[in-house]
Asks: 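One structure, pasted below without further comment.
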Amino acid sequence: MKQSLAILALALATALPAVAEEYRLGLITPPSHQWTKTAETIAEDVAAATDGRVELLVMPSGQLGNEARMLQQLQTGAIDFAMLTAAEFANRDPDFGIFYAPYIVEDIEGAGRLLSGDVAHTLLGRMSDFGLHGLAWGTAGMRQVVTRDEAETVEDLSGLRIRTVPLAPEMDFWREAGAVATPMPLPALYDAFANGQVDAMQIDHEGTWNSGYWRHASTILDSRHMMFPMAAVASGRKWQVLTEEDRATVAQIFDERIAEMVDLYAEIDETNLENLRDTGLPVLSVGRDWFGLAVDAWYEDWREKAPLLADLEAEAAR
Ligand code: BEZ
């Protein structure tokens with residue numbers, strides 16, 4: 001009797017279509033941002049490739065909380081996937097801060113090479129230290145500077161409150177450059193800049209254009225001084241719930257779509273820079289020398305803090 005019930009249960013399980021599971025994917029970027037658009041494409045691809053078994057519900061604009069909160073929720077399995085800046089990781093383990101090394105790459109192509117290189121691969125594996133499964137490294141546009149008042153030299157930024165991501169390597173850089181690093185998550189930035197709570201911001205051309213920060217700006221510094229890594233991760237707990245086949249499918253889709261996104265950023269930066277030039281605002285191109293001793297000072301400090309930086313520098317030099 002027991003055996004025939006078991007056979008019946010097995011027959012029913014194989015006859016019934018698999019139940020669709022909905023998984024939540026959180027980000028802090030708004031719907032207009034490329035990270036969110038890529039997340040939407042990933043969700044469509046995953047649903048199609050798993051015959052609807054895995055449905056990703058994309059939740060942008062910090063709907064699931066800030067990144068610190070999202071990390072906690074990923075760790076407990078309360079949310080399933082996220083596309084995050086490296087801030088929360090870098091603040092806990094300095095090795096995760098090394099991609100913010102100033103002028104370690106010249107452009108998005110260089111960023112793409114390092115984000116798919118050996119060091120990046122090692123760091124993706126170390127996401128398990130945070131209870132996560134690392135899926136892929138991506139990037140946003142190169143970092144630039146936008147100021148409320150006119151600025152021509154780095155001395156013009158001295159003592160100004162410059163918005164950074166709440167992230168040790170960015171804040172250290174601006175302290176070395178003589179500004180007052182003012183950490184602020186993306187969703188709070190528009191009002192703070194418009195109201196003068198910050199005098200300047202570190203951001204990318206995409207945000208400056210799409211979110212309209214330029215409307216309150218006097219100068220745009222096309223400095224390209226850092227890349228801006230993005231980590232696509234799954235909750236370690238929830239990753240185990242997927243079948244091996246679905247894990248392979250999901251991992252491949254994240255990998256491919258995020259690699260495409262990284263390539264796209266060269267164009268996104270250029271298009272938005274053109275848009276910004278068309279506003280008539282002064283756009284100054286500045287390079288490593290413009291920052292004086294700040295870049296070298298940053299490296300001195302961070303070579304001590306983050307053992308993996310030396311490996312990344314060697315990889316960048318190859
Ligand atoms: C920022 O906080 O500057 C930022 C966050 C995510 C994507 C791009 C920029």
Side-chain angles (χ1 to χ4, degrees), residues 25-40 42 58-71 81-91 96-97 99-100 102 108 111-112 115 136-147 161-174 179 181-194 197-214 216-217 220-233 257-258 261-262 264-269 271-273 276:
L25 186 159
L27 327 95
I28 56 165
T29 48
S32 59
H33 194 276
Q34 187 57 47
W35 289 8
T36 311
K37 292 183 194 167
T38 297
E40 295 286 4
I42 289 172
V58 176
M59 307 197 69
S61 306
Q63 285 173 54
L64 296 174
N66 61 21
E67 291 198 334
R69 176 97 187 92
M70 276 197 263
L71 177 57
F81 293 89
M83 286 164 56
L84 302 169
T85 72
E88 293 303 318
F89 310 115
N91 291 341
F96 282 83
F99 292 128
Y100 299 96
I108 291 292
L115 291 167
W137 284 109
T139 188
M142 298 295 290
R143 300 308 262 173
Q144 323 285 357
V145 185
V146 179
T147 62
R161 289 160 303 177
I162 180 157
R163 175 270 170 171
T164 71
V165 173
L167 165 72
E170 275 197 2
M171 293 173 67
D172 283 355
F173 178 70
W174 284 103
T182 308
M184 183 173 292
L186 193 63
L189 182 54
Y190 185 90
D191 287 346
F193 191 60
Q197 281 162 260
V198 288
D199 308 300
M201 65 171 85
Q202 169 160 286
I203 188 68
D204 48 43
H205 290 324
E206 182 186 20
T208 307
W209 177 253
N210 283 346
S211 299
Y213 307 133
W214 64 271
H216 304 279
I220 291 167
L221 298 166
D222 183 30
S223 54
R224 310 177 189 204
H225 58 280
M226 283 176 191
M227 64 165 119
F228 195 69
M230 182 277 283
V233 296
R257 288 297 186 186
I258 287 176
M261 182 183 83
V262 172
L264 197 60
Y265 260 105
E267 197 183 310
I268 294 173
D269 270 357
T271 307
N272 287 302
L273 177 58
L276 292 169

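One-based numbering, in listed order, for ligands and for the atoms of each.
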Asks: Have a look at ligand 1 and work out which part of T29, if any, has a heavy atom under 4.0 Å from it: side chain, backbone, both or neither.
Replies: side chain

Asks: Is any N or O atom of R143, backbone or side chain, closer than 3.5 Å to an N or O atom of ligand 1?
Replies: yes

Asks: Check ligand 1 against I203 and write out every atom of the ligand that is under 4.0 Å from a heavy-atom position of the residue.
Replies: 3 (O)

Asks: Establish, from distance only, whether the side-chain atoms of E40 and T36 form a donor-acceptor pair under 3.5 Å.
Replies: no

Asks: Would you call the rings of H216 and F193 parallel, tilted or perpendicular, where under 30° means parallel and over 60° means perpendicular?
Replies: perpendicular

Asks: What protein heavy atom sits nearest atom 2 (O) of ligand 1, and how far off is it?
Replies: R163 NH2, 2.7 Å

Asks: Checking a contact table here: which protein heavy atom is nearest atom 4 (C) of ligand 1, and how many Å away?
Replies: F228 CE2, 3.5 Å

Asks: Mind checking salt bridge (charged side-chain N to carboxylate O under 4.0 Å, His left out) for R224 and listing every partner two or more places apart, or none if nothing turns up?
Replies: D222, E270

Asks: Is there any N or O on H33 that sits under 3.5 Å from an N or O of ligand 1?
Replies: no

Asks: For ligand 1, which atoms have a heavy atom of D204 less than 4.0 angstrom away?
Replies: 8 (C), 9 (C)

Asks: So W35 and F228, would you call those rings parallel, tilted or perpendicular, with 30° and 60° as cut-offs?
Replies: parallel

Asks: Quick check on E206 - does any of its heavy atoms sit under 4.0 Å from an atom of ligand 1?
Replies: no

Asks: Hey, which of Q202, R161, R163 is the one that makes side-chain contact (heavy atoms from CB on, under 4.5 Å) with W174?
Replies: Q202

Asks: Tell me every residue that passes salt bridge (charged side-chain N to carboxylate O under 4.0 Å, His left out) with E170, counting only those two or more places apart in sequence or in another chain.
Replies: R143

Asks: Using modelled atom types and a 3.5 Å cut-off, is there a donor and acceptor pairing between side-chain atoms of E67 and backbone atoms of T85?
Replies: yes

Asks: Which of the atoms in ligand 1, numbered in the order shown and given with their element, are less than 4.0 Å from a heavy-atom of V165?
Replies: 1 (C), 2 (O), 3 (O)

